[in-house]
Amino acid sequence: MVTSVASSTNPAQVAILPQGHPSTSAAAPAMSALGLLRDIWQGCWRRDSWDRASLLRLSWVFVLAALCSWLGIMLSHQSEGVATIWLSNGLIFGLLITQPKRRWLAYFLLGLSADTFADMFYGDPFRLAIGVSLANSVEVVSSCLLLTLWFDSPLDLSKRKTLVGFLVISVVGATAVTSALGAWWTLLLVPGPPWWQMFRTWYLGDMLGMAVIAPLVIMVQRPAFFSMFQSRHLPHTLLVLSHPMIVTILVFTHSTDPLIFLMFPTFLLVAFRLGLPGTVFNIFLVTLMAIGFTVKGYGPLMLIVGQHMLLHRIVIAQLFAAVAIFTMFPVAALLEEKEELKNSLAASEASYRKLAHADELTGLPNRRAFNLQLENAWTNAFTYRKRLGLVILDADLFKQYNDSVGHLGGDACLRSIGQVLARIVEPAKGFAARIGGEEFAVILPDTTELSAREVAEEIRLRVAGLGLPHPTSLGGVQTVSLGVAVRVPLNGQASIELVKLADQALYSAKLSGRNRVACG
């Protein structure tokens with residue numbers, strides 16, 4: 001970030017490749033770092049790294065980076081040379097870290113040029129502008145390289161470990177190095193206040209910019225970020241965000257009491273209701289409002305009395321924003337992890353429940369699922385005084401068929417019967433299941449005996465039409481026999497009564513010669 005001295009200086013963004021690389025042990029991380037640098041360098045010159053859309057995006061990055069750098073300088077001069085919040089480093093980092101590594105070098109050079117251009121446009125000499133820009137580029141480059149090496153890509157700030165890594169490496173560490181280098185280079189060329197004072201004001205503004213802008217830029221590029229602004233979610237989003245906005249206005253238009261603590265309950269509300277994306281957006285808005293009111297002479301920080309106290313007040317405002325960031329970001333990330341874990345457990349439970357109620361061979365519901373469905377259908381039919389139909393079918397002479405073709409062939413036969421049931425029963429709004437070895441059942445709610453018989457007859461014809469050779473069957477193919485029962489449940493009756501009737505009808509079909517439908 002930049003604090004203004006005699007002429008204005010400002011920090012740039014983007015990246016030069018650092019001299020060193022992180023190493024936990026000696027050789028392996030070094031190889032990883034060298035491989036990453038090689039990918040960045042070689043990928044930049046490949047033709048397939050660039051298309052029309054990526055080049056157009058690159059031009060917009062230059063415009064945005066230059067605008068953010070210029071805006072940072074203007075904010076510094078409006079607050080008596082104090083770098084309140086430096087936007088461009090966080091912007092470039094957020095744009096760079098979300099791009100393929102083969103485009104990083106181009107983004108670095110473009111950001112460096114934009115930052116230098118903004119400095120020179122404001123009136124800084126080239127030597128001062130390029131030095132400050134290079135100093136700031138250390139922040140972007142070191143952040144991108146270290147976070148990618150240690151947390152891989154894409155960078156997922158919704159994970160607590162990655163988020164804490166970002167806060168420590170980028171927000172605390174990289175900004176400190178950049179601020180030290182920038183303050184040293186500026187004082188080397190332009191007389192000014194003591195180095196430590198320039199470092200302090202530069203560091204807080206730069207740290208704030210990285211902490212607020214980078215997560216916002218990263219999340220804005222993800223489609224999920226805008227879901228909270230979709231028409232169905234927008235009223236809820238605006239209602240939740242209105243609380244911290246209203247409280248911030250009330251707190252920072254009241255200059256006689258230190259009411260700043262009232263803002264943290266509203267931060268928690270946003271974290272619980274809107275998650276990490278909403279928290280990042282909220283902290284961004286609140287930070288701009290708090291610093292803006294403070295610079296204009298409003299709010300509880302006016303209780304810090306004395307002449308030339310603007311720097312002190314802005315530093316306190318920056319520290320307040322930093323505390324909010326380091327408190328609420330991890331809280332929001334933790335809540336998102338818990339929500340993700342809950343959804344994962346729910347999906348696993350649903351998957352296991354489905355497996356527990358599915359027949360492994362045919363894919364149809366199993367006997368357990370059939371029993372539950374029959375009880376529900378029976379209760380519903382009794383409540384609304386409707387007929388309930390049940391079809392039970394059995395593969396004819398299946399033991400002989402199994403002995404003839406083997407168990408694998410028998411399994412294939414049962415799967416084929418299951419597929420026939422699925423194709424016929426689903427359009428009829430029924431429920432088909434495998435309830436035994438070669439036995440199947442179909443539940444038909446709100447039906448008539450004629451309709452149930454038609455469904456059963458269609459099943460019989462379709463199975464025979466499969467033409468599965470059966471050496472001991474009269475027709476020479478595998479067939480099924482079916483029993484049909486339709487009843488309106490009476491008071492005191494249980495669903496087993498319907499099962500008995502359908503089973504008796506199936507027995508009758510078997511006795512009558514098989515490959516037929518009987519009603520009970």
Side-chain angles (χ1 to χ4, degrees), residues 64 68 71 75 84-85 87 90-91 94 98 156-160 163 166-167 171 207-255 257-296 298-301 316-340 342-343:
L64 285 174
C68 285
L71 184 59
L75 289 174
T84 52
I85 180 171
L87 308 173
L91 172 74
T98 54
D156 187 0
L157 294 183
S158 64
K159 304 297 184 184
R160 272 181 300 163
L163 178 63
F166 163 73
L167 293 175
V171 177
M207 181 180 70
L208 199 57
M210 177 61 79
V212 173
I213 302 299
L216 185 63
V217 171
I218 291 172
M219 291 184 181
V220 162
Q221 296 179 80
R222 298 176 181 174
F225 175 83
F226 293 97
S227 63
M228 64 180 179
F229 296 109
Q230 292 175 353
S231 55
R232 56 178 179 163
H233 298 307
L234 186 59
H236 174 258
T237 300
L238 293 179
L239 178 63
V240 173
L241 288 176
S242 67
H243 289 79
M245 297 301 105
I246 292 172
V247 172
T248 300
I249 292 173
L250 293 175
V251 168
F252 279 90
T253 54
H254 186 80
S255 304
D257 294 296
L259 302 177
I260 204 166
F261 58 87
L262 294 176
M263 300 173 65
F264 280 92
T266 64
F267 293 169
L268 284 172
L269 173 66
V270 174
F272 274 92
R273 304 302 299 177
L274 300 180
L276 186 59
T279 298
V280 170
F281 187 66
N282 173 59
I283 295 294
F284 170 72
L285 294 178
V286 169
T287 297
L288 293 182
M289 292 173 65
I291 292 178
F293 277 117
T294 301
V295 170
K296 294 297 181 181
Y298 299 100
L301 299 181
I316 299 301
Q318 291 171 325
L319 290 174
F320 159 72
V323 169
I325 290 167
F326 278 83
T327 302
M328 300 315 305
F329 281 14
V331 169
L334 175 61
L335 291 173
E336 288 214 349
E337 282 190 3
K338 285 190 172 182
E339 185 67 20
E340 184 179 341
K342 184 181 76 172
N343 294 337

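These numbers were taken from a predicted model, which means no experiment stands behind them. Along the sequence shown, the residues carry numbers beginning at 1.
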Can we say K159 and E340 salt-bridge, meaning some charged N sits less than 4.0 Å from an Asp/Glu carboxylate O?
-> yes

Distance col, row L91:CG vs I213:CD1, nearest 0.5 angstrom, shows 8.0 Å

Considering all heavy atoms, the nearest V323-T327 contact | O-OG1, 2.6 Å

Should L208 and V171 count as side-chain neighbours, where that means a heavy-atom distance under 4.5 Å?
-> no

Roughly how far apart are L301 CG and I260 CD1, rounded to 0.5 Å?
-> 5.5 Å

Shortest non-hydrogen pair, A321 vs T287, comes out as CB-OG1, 3.6 Å

Taking all atoms of both residues into account, what is the closest heavy-atom pair of L241 and G278, and its distance?
-> CD2-O, 4.3 Å

Is the number of heavy atoms from other residues, nucleotides or ligands under 6.0 Å of F264 CZ greater than 12?
-> yes

Separation between CZ (F293) and OG1 (T248), nearest 0.5 Å, reads 8.5 Å

On the 0 to 90° scale, with breaks at 30° and 60°, tag the F267-F320 ring pair as parallel, tilted or perpendicular.
-> tilted

Donor-acceptor pair, side chain of Q230 and main chain of F226, under 3.5 angstrom = no

Per the side-chain contact (heavy atoms from CB on, under 4.5 Å) rule, which among I325, L216, I85, T279 passes with F284?
-> L216

For the side-chain contact (heavy atoms from CB on, under 4.5 Å) test, which of V240, V247, N282, L274 pairs with L269?
-> V240

What's the shortest heavy-atom distance between P235 and S231, and which atoms?
-> CD-O, 3.3 Å

Side-chain heavy-atom pair F281, M219 within 4.5 angstrom cut-off = no

Report yes or no: does E336 contribute a side-chain atom to a donor-acceptor pair with the main-chain N or O of L157 at less than 3.5 Å?
-> no

Just do the side chain to side chain contact (heavy atoms under 4.5 Å, CB included) check on Q318 and M207 with the steps written out, would you?
-> CA-CA 9 Å; Q318 291 171 325; M207 181 180 70; over 6 Å; no

Say you draw a straight line from OG of S158 to CZ of F329; how long is it, rounded to the nearest 0.5 Å?
-> 13.0 Å

How far apart are the closest heavy atoms of P244 and V270, and which atoms are they?
-> CG-CG2, 3.8 Å

Under a 4.5 Å cut-off applied to non-hydrogen side-chain atoms, are P300 and L259 in contact?
-> no

Does some side-chain heavy atom of H236 sit less than 4.5 Å from a side-chain heavy atom of M228?
-> no

N/O donor-acceptor pair under 3.5 Å between S255 side chain and G299 backbone | yes

With a cut-off of 6.0 Å (strictly less than), are more than 12 heavy atoms of other residues, nucleotides or ligands near CZ of F229?
-> yes

Once you round to the nearest 0.5 Å, how far does CZ of R160 lie from NZ of K338?
-> 8.5 Å

May I ask you to decide if M263's main-chain N or O and T266's side chain share a donor-acceptor pair within less than 3.5 Å?
-> yes

Please lay out, stage by stage, how M328 and L268 fare under the test side chain to side chain contact (heavy atoms under 4.5 Å, CB included).
-> CA-CA 7 Å; M328 300 315 305; L268 284 172; 3.5 Å; yes

What is the distance from atom CZ of F326 to atom CG of L163, rounded to the nearest 0.5 Å?
-> 9.0 Å

